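What you are looking at is a predicted structure, and each value in this text was computed from that prediction instead of being measured. Within every chain, numbering begins at 1; the chains are lettered A, B, ... in the order of the sequence lines, protein sequences first and strands thereafter.
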2 protein chains.
Amino acid sequence: MPSESQLGGEFTLAIFKLHGQLLAAGEKLAEPAGITVAWWQVLGAVLRQPLTASGIARQMGITRQAVQRIANRLIAEGLLQASPNPAHKRSPLLAPTTDGRLAIERIAPGQAAFSTRLVESFGRAEFEALISELERMSITVDAVGP
Amino acid sequence: MPSESQLGGEFTLAIFKLHGQLLAAGEKLAEPAGITVAWWQVLGAVLRQPLTASGIARQMGITRQAVQRIANRLIAEGLLQASPNPAHKRSPLLAPTTDGRLAIERIAPGQAAFSTRLVESFGRAEFEALISELERMSITVDAVGP
DNA sequence: ACCAAAATGACAATACGTTGTCAACTGGGA
DNA sequence: TCCCAGTTGACAACGTATTGTCATTTTGGT
């Protein structure tokens, strides 16, 4: 019978490994569109409605500085545009440009195809159950975490 | 009914979130010992037997350059020592120093306690099942990945 | 209305990972 | 024996994320 400590280690290892695999898969999907996974995530966050840099950061769960650097770069590349924000003079609302939307649209089919292969290979019911368990685990980690 | 594309996105999000949570938890555990999670991983890899930097990298699944940079730092900090490698003149065997082992030992109790809380809160049987499913998912991603 | 606290963008330093390149070393086949 | 391919460490450039600090802007309580 494995110790709790061992189980914790195995779980962490499994999550780290999957994180690496999904990141690598994302890079392969995003690269043909000339963007990175991080750019993809930032553009994806403002597809439905404009957000400020800080707002994107909150939604993504990373620091606002990290988002800000990528947003600045995306604006320089012409994939993101800043519009004046009535609610905050220093914090413009960010939205994708036409080029930005095109980049995301170029990725979408590959992402959908990959997801479909993944769900069908793993089993749809099991896939949905796994997501549920991961979300429950996330809550548990927050609850007991050091 | 969610589309496969949505499910893929939810799954990726769940993994990324847990990765971030576990990384943060690891940092909290390792910090009192004066080391980082990356240092912990490298030291942990040579606890049982000395390895070369490239060997550690293979075991950890990251590039040898990343390990090399951390190993050089650990040697400078006196936590890791290099012994001549009969099998390769340029690639010394790396092993923890006494200080290195002490650092790991200072982390172990906290890690064990955190793991125990996690396993007991989540449910031991469900925890073990989740690890199994994650490993199966890892294999599936490798199989269908882009 | 005013003032302190919170939010925000800019900037710097740092950690960690990647790819690419180069020279030195190792090992195996002609 | 010799040479070539693979391994390895060093170094550089880059992408991403963090923390910390600063000045500016917004907001909420008195």
Give the rounded distance in Å between these two atoms: CG of A:L93 and P of D:dT26.
-> 13 Å
Between atom CD1 in B:I70 and atom P in D:dG9, what is the gap in whole Å?
-> 14 Å
So which protein N/O to nucleotides 2-5 of chain C N/O distances come out below 3.5 Å?
none

Under a 4.0 Å heavy-atom criterion, the protein footprint on nucleotides 18-27 of chain C, written with B, S and -, is BBBB-BBSS-
Of the candidate nucleotides D:dG15, D:dG9, C:dA10, which contains the atom at the shortest distance from the side chain of A:N72?
-> C:dA10
Using atom CG of A:L74 as one end and atom P of C:dG9 as the other, report the distance to the nearest whole Å.
-> 15 Å
N/O (side chain, A:R73) to phosphate O (OP1/OP2, D:dT16) under 4.0 Å | no
Among the nucleotides D:dA17, D:dA10, C:dG9, whichever has the atom closest to the side chain of A:P92 is C:dG9
For side-chain hydrogen bond (donor to acceptor under 3.5 Å, both in side chains), just list the numbers for A:Q111 and B:S5, CA-CA rounded to whole Å, side-chain angles, deciding distance to a tenth of an Å, and then say yes or no.
-> CA-CA 7 Å; A:Q111 194 268 344; B:S5 186; 2.8 Å; yes
Same apolar cluster (I L V M F W Y, side chains within < 4.5 Å links), A:I131/B:I139 | no
Cluster check A:L118, B:L13: I/L/V/M/F/W/Y, side chain < 4.5 angstrom = no
Quickly work out the B:I56 CD1 to D:dG9 C1' distance and round it to whole Å.
-> 13 Å
Ignoring hydrogens and angles, tell me if any N or O in the side chain of A:Q6 forms a donor-acceptor pair with the backbone of A:S3 under 3.5 Å.
-> yes
side-chain contact (heavy atoms from CB on, under 4.5 Å) assessment of B:V144 paired with A:F122 = CA-CA 10 Å; B:V144 310; A:F122 193 77; over 6 Å; no
Atom CD of B:E77 and atom P of C:dA15 are separated, to the nearest Å, by 9 Å
Between D:dT16 and A:W39, is there an OP1 or OP2 to side-chain N/O distance shorter than 4.0 Å?
-> yes
Quick one: A:I75 CD1 to C:dG9 P, roughly how many Å, whole number?
-> 10 Å
Examine C:dG9: is either OP1 or OP2 under 4.0 Å from a nitrogen or oxygen in the side chain of A:S91? Give yes or no.
-> yes
Answer yes or no: is there a donor N or O on one side and an acceptor on the other, between the side chain of B:T52 and the main chain of B:L93, under 3.5 Å?
-> no
With sequence neighbours left out, which residue pairs that include part of residues 100-128 of chain A fulfil the salt bridge (charged side-chain N to carboxylate O under 4.0 Å, His left out) condition?
-> A:R124-A:E128, A:R124-B:E4
Rounded to the nearest angstrom, tell me the gap between atom CG in B:L23 and atom P in C:dG17.
-> 9 Å
Between B:Q21 and A:S138, is any side-chain donor less than 3.5 angstrom from a side-chain acceptor?
-> yes
Picking from C:dT8, D:dA17, C:dA10, the nucleotide nearest the side-chain atoms of A:Q68 would be C:dA10
Verify same cluster id: A:L47, A:L94 (apolar side-chain graph, 4.5 Å) | yes
Please state how far atom NE2 in B:H19 lies from atom P in D:dT16, giving the value in whole angstrom units.
-> 16 Å
